[in-house]
Colleague: 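Here it is, the structure, as structure tokens.
Each residue takes its place number in the sequence, starting with 1. Model, not experiment: these values are computed from the prediction.
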Amino acid sequence: MKGEIKFRNSEFMKIRRAKPEDAEKLSEIAFAAKSYWKYPEKWLELWKDDLTITLQNIAENEVYEMTENDEIVGFYVLIIKDNSAQLEHLWIKPENIGAGIGRKLFAHALKKAVSLRAEKIYIASDPHAEGFYKKMGAKRIGNFKTEVDGNERFLPLMEIEL
């Protein structure tokens, strides 16, 4: 039911660094989460490379996953460059949206960025996620122009100061 708050027993939930063998599962979650917003199948196929988490992503970046009873329910990818960070991915399994997992992962990403001396986090947000990031304290600082299947899209470019 949309809008229903799903309470979780945090005793069984953990955030851990992603392992290379998790790449396929993380990619599945990214695809499922993007599909949740009812984008056309053709667009999802065009976004395949962007939604695929590779071994290289995991090896070169800060990739953390949340598990519940050892099942991955969400993850994020944080790319650190100099004194800033880019939140490249933050995806939650669709059946877990609204359970507070996104908030916990985002808070973890903020702490991780601070520990790595980032002063800001930048987010090129999906339009459907802009409200979430605003609730988390990010502000819109512009637009990021993209094109998919001949359609211009403007993604919210957001920033959060640490």
Colleague: List for me each residue that meets salt bridge (Lys or Arg N to Asp or Glu O under 4.0 Å) alongside Asp22, sequence neighbours excluded, and say none if there are none.
Modeller: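 Expected list: none.
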
Colleague: Of the non-hydrogen atoms in Asn61 and Leu78, which two are nearest, and what is the gap between them?
Modeller: CB-O, 3.6 Å

Colleague: For Arg16, does the CZ atom sit with more than 12 other heavy atoms under 6.0 Å from it, leaving out its own atoms?
Modeller: yes

Colleague: I'd like to check Ile29 versus Ile92 (side-chain heavy atoms, cut-off strictly below 4.5 Å). Are they in contact?
Modeller: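 A side-chain contact is absent here, since even the closest heavy-atom pair is not under 4.5 Å.
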
Colleague: Indicate every side-chain donor-acceptor pair of residues 134-141 with a distance under 3.5 Å to a residue at least two apart or in another chain.
Modeller:
residue : atom : partner : partner atom : Å
Arg140  : NE   : Gly142  : O            : 3.4
Arg140  : NE   : Asn143  : OD1          : 3.4
Arg140  : NH1  : Glu130  : OE1          : 3.1
Arg140  : NH1  : Glu130  : OE2          : 3.1
Arg140  : NH2  : Asn143  : OD1          : 2.3

Colleague: Between Lys25 and Glu65, does any NZ, NE, NH1 or NH2 come within less than 4.0 Å of an OD or OE carboxylate oxygen?
Modeller: no

Colleague: Throw together a table of side-chain donor-acceptor distances under 3.5 angstrom for residues 109-121, partners on residues two or more places apart or in other chains.
Modeller:
residue : atom : partner : partner atom : Å
Lys112  : NZ   : Tyr64   : OH           : 3.3
Ser115  : OG   : Lys112  : O            : 2.7
Glu119  : OE1  : Asn83   : ND2          : 3.2

Colleague: So do Ile58 and Leu26 actually touch side chain to side chain, heavy atoms under 4.5 Å?
Modeller: yes

Colleague: Could you pull out all residues at least two apart from Lys48 that satisfy side-chain contact (heavy atoms from CB on, under 4.5 Å)?
Modeller: Phe31, Glu45, Thr52

Colleague: Side chains of Glu62 and Arg17: closer than 4.5 Å at any heavy-atom pair?
Modeller: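 Heavy-atom side-chain distance check passes, below 4.5 Å.
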
Colleague: If the threshold is 4.0 Å, N to carboxylate O, is there a salt bridge linking Lys14 and Asp70?
Modeller: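 Salt bridge: no.
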
Colleague: Does any part of the side chain of Tyr76, heavy atoms only, come nearer than 4.5 Å to the side chain of Glu88, both counted from C-beta?
Modeller: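 Side chain of Glu88 against side chain of Tyr76, heavy atoms only: no contact under 4.5 Å found.
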
Colleague: Could you report the tightest heavy-atom contact between Ile80 and Ala85, atom names first, then the distance?
Modeller: CD1-CB, 3.6 Å

Colleague: Can you confirm whether Leu51 sits close enough to Ser27 that some side-chain heavy atom of one is under 4.5 Å from a side-chain heavy atom of the other?
Modeller: no

Colleague: Using the ring of each side chain (for Trp, its six-membered ring), is His89 parallel, tilted or perpendicular to Trp91, with breaks at 30° and 60°?
Modeller: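 Plane angle between 30° and 60°, so tilted.
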
Colleague: List, one per line, each side-chain donor-acceptor pair under 3.5 Å for residues 148-160, sequence neighbours excluded.
Modeller:
residue : atom : partner : partner atom : Å
Asp149  : OD1  : Lys42   : NZ           : 3.1
Asn151  : ND2  : Val148  : O            : 3.4
Asn151  : ND2  : Asp149  : O            : 3.4
Glu152  : OE2  : Lys145  : NZ           : 2.8
Arg153  : NH2  : Tyr39   : OH           : 3.1
Glu159  : OE2  : Tyr122  : OH           : 3.4

Colleague: Do Asp82 side-chain atoms and Ser84 backbone N/O form a donor-acceptor pair below 3.5 Å?
Modeller: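 Looks like no, no N/O pair under 3.5 Å.
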
Colleague: For Gln56, enumerate each residue passing the side-chain contact (heavy atoms from CB on, under 4.5 Å) test, keeping only those at least two apart in sequence or located in another chain.
Modeller: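 Per chain and number, Gln56 pairs via side-chain contact (heavy atoms from CB on, under 4.5 Å) with Thr54, Glu60.
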
Colleague: Under 4.5 Å between any side-chain heavy atoms of Phe106 and Leu87, yes or no?
Modeller: yes

Colleague: Above 12 or not: heavy atoms from other molecules or residues under 6.0 Å from CD of Glu41?
Modeller: no

Colleague: Flag the pair Asp126 / His128 as yes when at least one side-chain heavy-atom distance between them is below 4.5 Å, and no otherwise.
Modeller: yes

